[in-house]
Number of protein chains: 2
Amino acid sequence: MRVIKIGGAQMGPIQKAEDRASVVARMIALLDRAAEQGCGLVVFPELALTTFFPRWKEHEADIPSFYEDAMPNAATQPLFDRAKAHGIAISFGYAERTPEGRRFNTSILTDRTGAIVGKYRKVHLPGHVEYDPERTHQHLEKRYFEPGDLGFPVWRNEGAVMGMCICNDRRWPETWRVMGLQGVELVVLGYNTPSVNSQMGDEGLEKRLYHSELSITSGAYQNACWAVAVAKAGDEDGHPLMGGSIIVDPNGFVVARAQTEGDELIVADADMDACNFGKETIFDFARHRRIEHYGRITAQTGATPPQD
Amino acid sequence: MRVIKIGGAQMGPIQKAEDRASVVARMIALLDRAAEQGCGLVVFPELALTTFFPRWKEHEADIPSFYEDAMPNAATQPLFDRAKAHGIAISFGYAERTPEGRRFNTSILTDRTGAIVGKYRKVHLPGHVEYDPERTHQHLEKRYFEPGDLGFPVWRNEGAVMGMCICNDRRWPETWRVMGLQGVELVVLGYNTPSVNSQMGDEGLEKRLYHSELSITSGAYQNACWAVAVAKAGDEDGHPLMGGSIIVDPNGFVVARAQTEGDELIVADADMDACNFGKETIFDFARHRRIEHYGRITAQTGATPPQD
């Protein structure tokens with residue numbers, strides 16, 4: 001048994017006007033709750049420090065203020081300090097701006113001393129580059145960020161092999177498989193997912209929750225790993241984000257689920273040894289995968305249907 | 001609208017002693033029912049002509065008699081004739097033996113004239129090569145077949161882009177993605193899946209049905225395609241196989257589901273144009289995939305965890 005008590009720290013909405021101090025105070029309150037319950041790892045959402053600003057055009061939002069130039073920084077240091085005091089490893093997402101001015105949708109992972117052991121930059125940016133008047137809301141992630149340049153690394157941390165991905169990455173089986181091929185035992189991820197499809201109004205909350213859960217449970221099952229998926233949820237300045245944070249076991253079953261769209265902690269005891277059976281039998285990659293037939297997956301980006 | 005009325009022709013058990021004539025008569029009865037309902041395509045299970053013989057050691061089963069040396073052949077010609085008479089395209093699985101004596105777990109696809117337009121040989125063979133006394137039942141697929149050598153091709157048939165896979169293939173996202181990268185709109189597959197995991201007794205029917213459905217619904221959703229998954233089910237000489245045949249839409253929702261473990265037809269109107277939205281938006285591969293980070297998927301077969 002290698003049990004990690006995991007806390008999924010779902011966050012309610014962050015309004016455009018809310019400052020970092022207020023957000024970090026909310027994160028610390030969730031961390032304190034997790035400490036009371038004995039958690040060893042707490043996972044916060046994507047872009048946990050700000051509103052989901054890619055929904056705004058630049059002139060509508062003071063975009064530069066949503067980026068972090070260092071991590072930790074003055075605003076987030078109290079969170080790192082509290083995590084270290086509790087002896088809890090954490091992961092959260094934020095908008096990263098490098099010294100060269102490059103911008104990424106990033107998440108970090110710490111150990112229980114508050115040291116950053118891993119950084120991930122979102123690879124699968126959804127949405128679009130230019131303002132699209134036909135959408136009910138904008139999703140300008142491809143404008144505000146460039147695609148991650150770090151791949152999908154994993155790290156040994158707190159006795160397990162951990163990996164990260166962010167939001168839309170969870171819908172891509174490649175994300176999970178690249179980590180699975182590195183023996184990942186726990187994938188942590190955050191998301192900010194609008195409750196309605198901006199290009200198809202009848203794809204509402206129920207369908208969107210289903211698609212999210214389907215992607216996460218299948219990724220966990222097919223790679224025999226745990227997954228913790230944590231939402232920023234609720235109404236951000238009139239734009240609803242779905243909740244539905246879940247913790248999923250290596251058989252693809254949901255073992256904890258958020259009930260609200262607010263700040264809410266979900267908790268599960270996750271035995272990393274529960275990954276072993278799947279990795280040694282039905283998903284023993286070495287015995288069953290047939291890479292000689294997978295060539296298209298890395299050889300071509302788009303689909304090429306057969307000629308009529 | 002490009003609607004194909006699809007019939008999933010689940011079959012109940014086939015006992016070791018049951019001959020081809022009896023099996024083909026059952027298949028024709030299902031075909032007649034599908035014709036009454038106006039189906040344009042009918043999908044039968046994996047190894048539709050015989051019992052699931054890889055559960056038997058050679059000396060327990062008259063193995064050679066379970067293979068087909070040609071397709072169609074005398075035993076199956078009546079099925080092809082009836083399909084042509086009805087104007088129904090069909091797909092079914094069988095044990096193929098080539099003139100060179102090579103053995104594959106194979107399925108074929110016809111057009112509505114009964115002409116074979118596609119052949120697929122199962123790539124992901126589950127199970128084991130040698131008799132394993134620790135299992136509650138044997139799963140000697142790796143002994144009786146060699147892995148498919150045709151990849152995952154697709155074909156334009158009856159106005160749609162169709163692909164095939166077989167049973168355990170459905171659990172591998174690579175299967176779906178390789179077809180998705182060829183613009184597949186409909187994946188047809190059959191399976192023979194024991195109701196209990198031979199290596200973990202408490203993984204019973206409910207979990208097995210969940211894993212199967214999870215794999216199929218996620219594959220359909222993540223590639224924006226229809227899927228028809230058809231069981232051979234019920235008790236074959238004391239060995240239970242699960243049912244749960246389903247038809248799944250390109251959003252990953254089950255639109256038809258078998259209720260029994262016997263011969264049973266499920267039907268759905270499948271509009272191939274319903275694939276377009278997903279293929280043009282969230283799963284527009286050309287716009288969103290990042291193959292520069294997928295290298296491990298084709299470069300390595302087994303998992304390589306990081307060093308301690």
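Proteins get letters first, then strands, A, B, ... in listed order; numbering begins at 1 in each. The figures that follow rest on heavy atoms only: side chains count, while hydrogens, waters and symmetry mates do not.
Side-chain contact between A:His211 and B:Asn251: present, with at least one pair of heavy atoms (C-beta onward) separated by less than 4.5 Å. Residues A:Ile282 and B:Arg171 have side chains in contact (heavy-atom distance under 4.5 Å, counting atoms from C-beta outward). Proximity of A:Arg290 to B:Trp172: side-chain heavy atoms (C-beta onward) are nowhere separated by under 4.5 Å.
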Practice item. Take B:Met179 and A:Arg296 through the side-chain contact (heavy atoms from CB on, under 4.5 Å) test and state the conclusion after the steps. Key: CA-CA 9 Å; B:Met179 290 190 273; A:Arg296 286 181 188 271; over 6 Å; no
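For the set A:Ile297, A:Thr175, A:Asp284, the count of heavy-atom pairs under 4.5 angstrom toward chain B peaks at A:Ile297. Looking only at heavy-atom pairs under 4.5 Å with chain A, the residue among B:Pro173, B:Gly183, B:Ala299 that has the most is B:Pro173. Between chain B and the options A:His128, A:Arg156, A:Lys142, heavy-atom pairs under 4.5 Å are most frequent for A:Arg156. With chain A as the partner, the residue from B:Asn197, B:Asn223, B:Leu150, B:Val123 showing the most heavy-atom pairs under 4.5 Å is B:Val123. The most heavy-atom pairs under 4.5 Å with chain B, out of A:Thr217, A:Thr281, A:Val154, come from A:Thr217. Listed options B:Arg287, B:Lys279, B:Gln222 were ranked by heavy-atom pairs under 4.5 angstrom with chain A; first place goes to B:Gln222. For chain A, the option among B:Pro147, B:Gly219, B:Pro153, B:Gly127 with the highest count of heavy-atom pairs below 4.5 Å is B:Pro147.
Looking only at distances, a side-chain donor or acceptor of A:Arg289 sits under 3.5 Å from a matching main-chain atom of B:Gln300. Of the possible donor and acceptor atoms, one in the side chain of B:His293 sits under 3.5 Å from a partner among the backbone N and O of A:Gly148.
In terms of heavy-atom proximity, B:Phe277 sits nearest to A:Gln199 at CE1-O, 3.8 Å. Nearest heavy-atom pair across A:Gly180 and B:Ala303 is O-CB, 3.6 Å. Between A:Leu125 and B:His288 the shortest heavy-atom distance is O-ND1, 3.6 Å. Residues B:Leu181 and A:Thr301 approach most closely at CD2-O, 3.7 Å, considering heavy atoms. Shown here for B:Ile291 and A:Thr298, the closest heavy-atom pair between the two residues is CD1-O, 3.3 Å.
At a 4.5 Å heavy-atom cutoff, the contact between A:Asp149 and chain B is made by backbone atoms alone. For B:Pro306, the parts sitting under 4.5 Å from any heavy atom of chain A are the backbone and the side chain alike. Both the backbone and the side chain of B:Lys207 come within contact range of chain A, with heavy atoms under 4.5 Å apart. Of the atoms belonging to A:Phe152, it is side-chain heavy atoms, and not backbone ones, that fall under 4.5 Å from chain B. Interface residue B:Phe283: backbone and side-chain heavy atoms are both found under 4.5 Å from chain A. With a threshold of 4.5 angstrom between heavy atoms, B:Val161 approaches chain A through side-chain atoms but not through N, CA, C or O. Of the atoms belonging to A:Glu203, it is side-chain heavy atoms, and not backbone ones, that fall under 4.5 Å from chain B.
The number of heavy atoms from other shown groups lying within 6.0 Å of CZ (A:Arg112) does not exceed 12. Remark: A:Arg208 CZ is packed, more than 12 non-hydrogen atoms of other residues, nucleotides or ligands lying under 6.0 Å away.
For A:Tyr210 and B:Tyr221, the distance between ring centers is not under 6.0 angstrom.
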